[in-house]
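Note sheet for the following structure.
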Amino acid sequence: QVRLMESGGGLVQAGGSLGLSCSASGSIFSIDTMGWYRQAPGKQRELVATLTSGGSTTYADSVKGRFTISRDNAKNTATLQMNSLKPEDTAVYYCAAFRVRRFRNDNPTDYWGQGTQVTVSS
C-alpha cells in the first residue's frame, strides 16, 4: 500500500511564505509525476503544480513566479515552496502521485494525500 503524507500547512499573513512537504511511503518502484492540487471552499479541486521524474514542470497561471515545486526521486518526496502568498491561495492543499509502480511491471496507480490546510490572512 502506498501512502502520501503532507505536512507544512498553517496560517500565514498575506505576502508571507510557506513550504509544504509530501512524502510517499510504501513499496515504490517509481513515480512518474508528483504534484500539488488545492481546493478552496465551494470550489473544485484545481492544479497548482506538477513535476515529472524527468524534470518537467507545470504551474497554474495564478501561482507562476510565486510557487516552486521540487522533488527528490530517490526519497519519493515533493515540496512546494509558496512565496508572496495571497488570501486567494487559501485552500486545502493535496499532494498527488501519478502513475506509481510498486514494482517494475506493475500497473500504474494514482494516489492522493489527505490534504493540509493553508490559510492566508489579509
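The residues of the chain are indexed from 1 along the displayed sequence. Keep in mind that what you see is a predicted model, and the values were worked out from it rather than measured.
Remark: the backbone N or O of Phe67 is not paired with any side-chain donor or acceptor of Gln81 at under 3.5 angstrom. Proximity of a side-chain donor or acceptor of Thr58 to a complementary backbone N or O of Thr50 within less than 3.5 Å is not detected. Counting only distance, with no hydrogens or angles, the side chain of Arg71 and the backbone of Leu51 share a donor-acceptor pair below 3.5 Å. At distances below 3.5 Å, at least one donor-acceptor pair connects side-chain atoms of Asp106 with backbone N or O atoms of Arg102.
Atom CZ of Arg66 has more than 12 neighbouring heavy atoms from other residues, nucleotides or ligands inside a 6.0 Å radius.
With sequence neighbours excluded, no residue satisfies salt bridge (Lys or Arg N to Asp or Glu O under 4.0 Å) with Asp32.
In this structure, the separation between OG on Ser23 and CE on Met34 is 7.5 Å, given to the nearest 0.5 Å.
The shortest distance between side-chain heavy atoms of Trp36 and Leu20 falls below 4.5 Å. Side-chain contact check for Val48 versus Leu80: some heavy-atom pair is nearer than 4.5 Å. At least one side-chain heavy atom of Tyr94 sits under 4.5 Å from a side-chain heavy atom of Arg45.
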Distance-only criterion, 3.5 Å: show the donor-acceptor pairs between side-chain atoms of residues 112-119 and protein atoms not counting sequence neighbours.
unit_1: Thr116; atom_1: OG1; unit_2: Gly9; atom_2: N; d: 3.3
unit_1: Gln117; atom_1: NE2; unit_2: Ala91; atom_2: O; d: 3.4
unit_1: Gln117; atom_1: NE2; unit_2: Thr119; atom_2: OG1; d: 3.3

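With salt bridges taken as basic N to acidic carboxylate O contacts below 4.0 Å, none links Asp89 and Lys86.
Taking all atoms of both residues into account, the shortest heavy-atom contact from Ile31 to Ala24 is CD1-CB, 4.0 Å.
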Test side-chain hydrogen bond (donor to acceptor under 3.5 Å, both in side chains) on Arg38 and Tyr93 and set out the steps.
CA-CA 4 Å; Arg38 68 187 181 186; Tyr93 283 69; 2.9 Å; yes
